[in-house]
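Everything on this sheet refers to the single structure shown next.
The chains referred to below are lettered A, B, ... by the order of the sequence lines, with proteins before strands, and numbering in each begins at 1.
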Protein chains: 2
Amino acid sequence: MMATTRELFARHNLRCTAQRRALYENLAESRSHPTAEELFLTVKPSTTRLSLATVYNTLEALCKAGLARKLPTSNGSCRYDADTSEHLHVCFRESNEIQDVPSELGSKLIEHLPRSVIAEIELKLGVQVDGLNIQLLARPSPPRG
Amino acid sequence: MMATTRELFARHNLRCTAQRRALYENLAESRSHPTAEELFLTVKPSTTRLSLATVYNTLEALCKAGLARKLPTSNGSCRYDADTSEHLHVCFRESNEIQDVPSELGSKLIEHLPRSVIAEIELKLGVQVDGLNIQLLARPSPPRG
DNA sequence: GTACGTGCAAAATGTTTGCATCATT
DNA sequence: AATGATGCAAACATTTTGCACGTAC
């Protein structure tokens, strides 16, 4: 069953404001991993009051609550993803846009990662690994002749 | 045999200036994947003339030539690595610092990635994958009792 | 009613740019 | 000599902050 955004927020101790709801729902439906500004521009027209600062505040709150992930890019601005499951991303080198690798493809790769090696890394480096960020750096394929 | 920086630059059509040499050699010896500013502060004292703009210009030139990699982080600033071989990174969530996973550990993981899956992703998504960025998101281990 | 979220504007941070000068090839 | 690199300062882009007001609980 699909929970309402209100319920989802309540479960994570997030106040349900009109702005947060609009931002989260738009992010969750988006396929494009928008930047804060892109999300702002998309959501703003249909929301009574919305400022860019609120977008940043909300995205940080969502990430802290585990309802979103922040994806670093090479050009300064970060992108956001409401899908917090482990999955691969394709990053386009010129545009710094990010695309999901469909899970039926990506999971073949993720499932091959030996957990024992990660445990070994944790031990040897003295760290606790609690997330994974796998990006395939790519360019669009040239048209075929 | 180890090539001199001058020879290395010549091979990549990079002019060998005092600033570039100092920056590259410091980056290559560094273990910390410094930001542009960190590198600037490290190299500046021992270099006659050096500006932050030159650091950015040089790092971009090195990346374009394939002698360095730019590593995105979640806090806006990027970090740089003169080791362009495929290897894993550990990213610390609080500090956004980046550490190498020693290759004898990381290669166990990288070698497990099935190249056929990447080829499949390229085909299905219409992209050319020409690099990989694998980050283990981590926190320092708490001291053990 | 209280604690927290919001908008606005300003500030902080990180990176890029334009241009005159200088160094490498 | 010519091409390209440098320094400086200003511009730019992204994100964060402070504070008065507003809203959810």
Test item: B:Ser30 side-chain N/O and B:Asn26 main-chain N/O as donor-acceptor pair under 3.5 Å = no
task = Could you state the atom-to-atom distance from CD of B:Glu37 to P of C:dT13 in whole Å?
result = 10 Å
request  = For residues A:Val127 and B:Ala138, report the shortest heavy-atom separation together with the two atoms involved.
outcome  = CB-CB, 4.0 Å
message = Strictly below 4.0 Å: does A:Tyr56 bring a side-chain N or O up to OP1 or OP2 of D:dT15?
response = yes
query = When the distance from CZ of B:Arg20 to C1' of D:dG7 is rounded to whole Å, what number comes out?
reply = 15 Å
key: Nearest atoms (heavy-atom pairs only) where A:Leu52 meets A:Phe40   = N-CE1, 3.5 Å
request  = Check every strand shown and say whether A:Thr58 touches a base, only sugar-phosphate, or nothing at a heavy-atom separation below 4.0 Å.
outcome  = sugar-phosphate
key: Under-4.0 Å side-chain N/O to phosphate OP1/OP2 contact, A:Gln19 with D:dT23   = no
key: Letter per nucleotide, 5' to 3', of nucleotides 20-25 of chain C [B base touched, S only sugar-phosphate touched, - untouched; heavy atoms, 4.0 Å]   = ---BBS
request  = Would you mind reading off the distance between B:Glu38 atom CD and C:dG14 atom P, rounded to a whole angstrom?
outcome  = 10 Å
inquiry  = Measure CG/A:Asn57 against C1'/D:dT17 and give the value in whole Å, please.
reply    = 9 Å
message = Name the residue from A:Arg69, A:His87, A:Lys70 that meets the side-chain hydrogen bond (donor to acceptor under 3.5 Å, both in side chains) definition with A:Asp81.
response = A:His87
key: Pair B:Asp130 + A:Arg139: basic N to acidic O under 4.0 Å   = yes
inquiry  = I need the CZ-C1' distance between B:Phe40 and D:dT6, as an integer number of Å.
reply    = 12 Å
request  = For A:Thr54 and A:Gln19, test the side chains for any donor-to-acceptor distance below 3.5 angstrom and give the result as yes or no.
outcome  = no
query = Rounding to a whole Å, what distance do you find between A:Glu60:CD and D:dT16:C1'?
reply = 9 Å
inquiry  = For C:dG7 and A:Thr54 - does any side-chain N or O of the residue sit under 4.0 Å from the phosphate oxygens OP1/OP2?
reply    = yes
ask   = Roughly, in whole Å, what's the span from CG in A:Asn13 to P in D:dA24?
value = 17 Å
query = Does B:Tyr80 or A:Ala53 map to a spot on DNA chain C nearer the 5' end, using the closest nucleotide for each?
reply = A:Ala53
ask   = How many Å lie between CG on A:Asn75 and P on C:dT16, as a whole number?
value = 9 Å
query = Once you round to the nearest 0.5 Å, how far does OG1 of B:Thr17 lie from CZ of B:Arg15?
reply = 9.5 Å
